[in-house]
Amino acid sequence: MRIAVYPGSFDPVTLGHLDIIERSSKMVDELVVGVLNNSSKNPLFSVEERVTMLKEVTVHLQNVKVEAFDGLLVDFARQCGSKMVVRGLRAITDFEYELQMSQTNRIICPEMDTIFLTTDLKYAYLSSSIVREMARYGGNISAFVPASIVERVLKKFE
Ligand code: COD
């Protein structure tokens, strides 16, 4: 069984993330979306809220599971029975960080490989931080996040 892990902060999940989830889930038997419990980063949404939103927006994808994780990504992937990490690439600015992360992960866990999917062009500009910034100033975020979570994001800034 081919299992991949797609890790991230997802604070909040965007249409760019969802596109990567939909595309990569077609390449594997099971895709586990791993939501980092990054309390040190002071996220907008708690890890439970982020997991709930991701579960809602992936309900149509039968081979996708969503789980929170703490600690090292490679340990989480091992627990999931996976040797494959999925990441998205938007621009050259993502590349350096992603390369460093993928190489570090291979040093600490040589059987772990990272598969990169390039962004759909229409989401190339999109990030969770842009969504938070727009929402903070009352901007329309419906082109950025799944419809079901628009209100939840805006509510955080009421
Ligand atoms: N289009 C395509 N892909 C996108 C888009 C978009 N519009 N937006 C984001 N993505 C991709 C990102 O490039 C990334 O691959 C993924 O979606 C998730 O993005 P984020 O921003 O939610 O997640 P990150 O980058 O904050 O996640 C970082 C991790 C949680 C993976 C990392 O910190 C981690 O593994 N932490 C655990 C500790 C660990 O093991 N550290 C050692 C690794 S060196």
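Along the sequence shown, residues are numbered consecutively beginning with 1. In listed order, ligands and their atoms are each counted from 1. From a predicted model like this one, the values you see are computed outputs, not experimental measurements.
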Which residues satisfy the ring-ring contact (aromatic ring centres under 6.0 Å, His included) test with F10, sequence neighbours excluded? Y6, H17
Would you say S128's side chain and P12's backbone share a donor-acceptor pair under 3.5 angstrom? yes
Closest approach of any protein heavy atom to atom 43 (C) of ligand 1, naming residue and atom: M101 CG, 3.5 Å
When rounded to the nearest 0.5 Å, the distance separating OG1 of T14 from CD1 of I141 is 11.0 Å
Heavy atoms only, cut-off 4.0 Å: how does E98 contact ligand 1, side chain, backbone, both, or neither? side chain
Using a strict 4.0 Å cut-off to heavy atoms of P7, name the atoms of ligand 1 that fall inside it. 18 (C), 31 (C)
Proximity winner for atom 15 (O) of ligand 1, if only heavy atoms of G88, A77, G34, C109 are counted: G88
Identify, for atom 1 (N) of ligand 1, the protein heavy atom at the shortest distance, and state residue, atom and that distance. T119 OG1, 2.9 Å
Looking at ligand 1, would Y6 count as a contact under a 4.0 Å heavy-atom criterion? yes
Separation of R78 CZ from C109 SG (nearest 0.5 Å): 4.0 Å
For R23 and L117, the nearest pair of non-hydrogen atoms, with its separation, is CB-CD2, 3.8 Å
Ligand 1 to F10, heavy atom cutoff 4.0 Å, flagged ligand atoms 22 (O)
Given V13, L18, L72, T118, which one has a non-hydrogen atom that is nearest to atom 41 (N) of ligand 1? L72
Region of L15 that comes within reach of ligand 1 [heavy atoms, distance under 4.0 Å]: neither
Counting only heavy atoms, which portion of L126 has something under 4.0 Å from ligand 1: side chain, backbone, both, or neither? both
Has the side chain of R87 got a donor or acceptor atom that lies under 3.5 Å from a matching backbone atom of P7? yes
How long is the straight-line distance from CG of L15 back to CG of D120, given to the nearest 0.5 Å? 10.5 Å
Counting only heavy atoms not in E111, do more than 12 fall under 6.0 Å of its CD? yes
Tell me whether ligand 1 is touched by Y97 - counting only heavy atoms on the residue side and a distance under 4.0 Å. yes
Show me which atoms of ligand 1 lie under 4.0 Å from any heavy atom of Y123. 6 (C), 7 (N)
For ligand 1, which atoms have a heavy atom of N105 less than 4.0 angstrom away? 43 (C)
Gap separating the CG atom of L18 from the NE2 atom of H60, nearest 0.5 angstrom: 5.5 Å
Tell me the protein heavy atom at minimum distance from atom 36 (N) of ligand 1, and give that distance in Å. L36 CD2, 3.8 Å
Note the single closest protein heavy atom to atom 35 (O) of ligand 1, along with its residue, its atom name and the distance in Å. L73 CB, 3.5 Å
For atom 8 (N) of ligand 1, which candidate among R50, R87, R90 holds the nearest heavy atom? R90
Side-chain donor/acceptor of D11 to backbone N/O of L44, under 3.5 Å: yes
Which heavy atom of the protein is the closest neighbour of atom 19 (O) of ligand 1, given with residue, atom name and distance? H17 NE2, 3.5 Å
Does F95 CZ have over 12 foreign heavy atoms under 6.0 Å away? no
Options S9, S129, G71, P43, ranked by nearest heavy atom to atom 20 (P) of ligand 1, top entry: S9
